[in-house]
Amino acid sequence: MDQGRVVEAFRLEAGQLGQAMTRVSAAEWGLPTRCAPWKVSDLLAHVRVVIAWLPGMLAASAPTRAEVSAVEYYRPDDRFAPDTNVARIALAQDHAAEQLSGAALADDFNATWQEVDRLCRAEPEGRVVRTRHGDSMLLSEFLLTRVVEVAVHGLDLADALGCEPWLTLQAADLVQGLLLGPDGAAALEKLGWGQLRFLRKATGREPITREEALDVSRLDIRWLTLG
């Protein structure tokens, strides 16, 4: 995965999310999202938390080699266990509660993603990092998982706010490639789905009928484990 391409997709997608959040009204921060029990403020706090791991990762010594890809990162292990999810929910809620207002939370998110973007752009191609779960990954592969977070939860936030999705083409293409591999366009054509509809279905944002599930199985598409 080209590191520069992932960094640029992260910048564009996080920028769109950040701009959208600056327009959220005081009342809208309390709206429920599909990611229960999170409300809008909690969900944005979660996205902020998961990208805020990067500065510490980049400040640490680089592992000698990468051992885990972005696809392998989503393996169904303890990181998606019930206890881990409970801690993930609480961490986001605590961060949201620490902010003085929704506007302050939006400003905090924007400052965080901009710092991450700046730091990642300063790293050489092939930089290896270690995640908080202990995975040794190329920065490009780990940052791809952050693009997934920003893009997919951006859909959740747009839906909660009753807005049209702001998903960027650059982020959508990367997430599609992660889910479908290099032949993704051909698979989508066989399914008869547009890109946005596919991403919603593949990440549980839209239900899949029995017939659609059979089509997915025939195409040997593997859904990732998402928390």
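- Counting non-hydrogen atoms of other residues, nucleotides and ligands closer than 6.0 Å to CD of Glu125 gives a total above 12.
- In this structure, CG in Leu58 is found 14.0 Å from CZ in Arg130, a value given to the nearest 0.5 Å.
- Counting heavy atoms from C-beta outward, Phe109 and Leu17 have side chains that approach closer than 4.5 Å.
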Salt bridge (charged side-chain N to carboxylate O under 4.0 Å, His left out) between Arg200 and Asp156: does it pass, once the steps are laid out? CA-CA 10 Å; Arg200 286 187 177 279; Asp156 297 330; over 6 Å; no
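- Nearest heavy-atom pair, Tyr73 versus Val68, reported as atom, atom and distance to 0.1 Å: N-CG1, 3.6 Å.
- The backbone N or O of Val47 sits nowhere less than 3.5 Å from a side-chain atom of Glu149 that would complete a donor-acceptor pair.
- Once rounded to the nearest 0.5 Å, the distance linking CD1 of Ile89 with CG of Asp42 reads 9.5 Å.
- Side-chain contact between Leu199 and Leu179: present, with at least one pair of heavy atoms (C-beta onward) separated by less than 4.5 Å.
- The two residues Ala171 and Ala151 make their nearest non-hydrogen contact at CB-CB, 4.3 Å.
- A distance of 12.5 Å separates CG in Asp159 from NE2 in His153, rounded to the nearest 0.5 Å.
- A salt bridge is defined here as a Lys NZ or Arg NE, NH1 or NH2 lying under 4.0 Å from an Asp or Glu carboxylate O, and Arg88 with Asp83 fails to meet this definition.
- Using a cut-off of 4.0 Å between Lys/Arg side-chain N and Asp/Glu carboxylate O, Glu212 and Arg197 are scored as salt-bridged.
- Partners of Trp38 according to the ring-ring contact (aromatic ring centres under 6.0 Å, His included) rule, which considers only residues two or more places apart in sequence or in another chain, are His46.
- For the pair Leu143 and Leu54, the minimum side-chain heavy-atom distance is below 4.5 Å.
- Using modelled atom types and a 3.5 Å distance limit, the side chains of Thr22 and Gln19 yield no donor-acceptor pair.
- For Arg121, the salt bridge (charged side-chain N to carboxylate O under 4.0 Å, His left out) partners two or more places apart in sequence, or in a different chain, are Glu8, Asp117.
- Using a 4.0 Å cut-off between charged side-chain N and carboxylate O, Arg48 and Asp108 make a salt bridge.
- Expressed to the nearest 0.5 Å, how far NE2 of His95 lies from OG of Ser41 amounts to 10.5 Å.
- Figure legend: cation-pi geometry between Lys201 and Trp193, with NZ or CZ positioned under 6.0 Å from the six-membered ring centre and within 45° of its axis.
- Heavy-atom minimum distance, Met137 versus Ala66: C-CB, 3.9 Å.
- For Asp215, the side-chain contact (heavy atoms from CB on, under 4.5 Å) partners are Leu191, Arg218, not counting sequence neighbours.
- Between the CG atom of Leu44 and the CH2 atom of Trp29 there is a distance of 5.0 Å, given to the nearest 0.5 Å.
- Going from atom CG of Leu169 over to atom CG of Leu12 covers 10.0 Å, rounded to the nearest 0.5 Å.
- Tyr74 places a side-chain heavy atom less than 4.5 Å from the side chain of Leu178.
- Within a 6.0 Å radius of CZ in Arg65, other residues, nucleotides and ligands contribute 12 heavy atoms or fewer.
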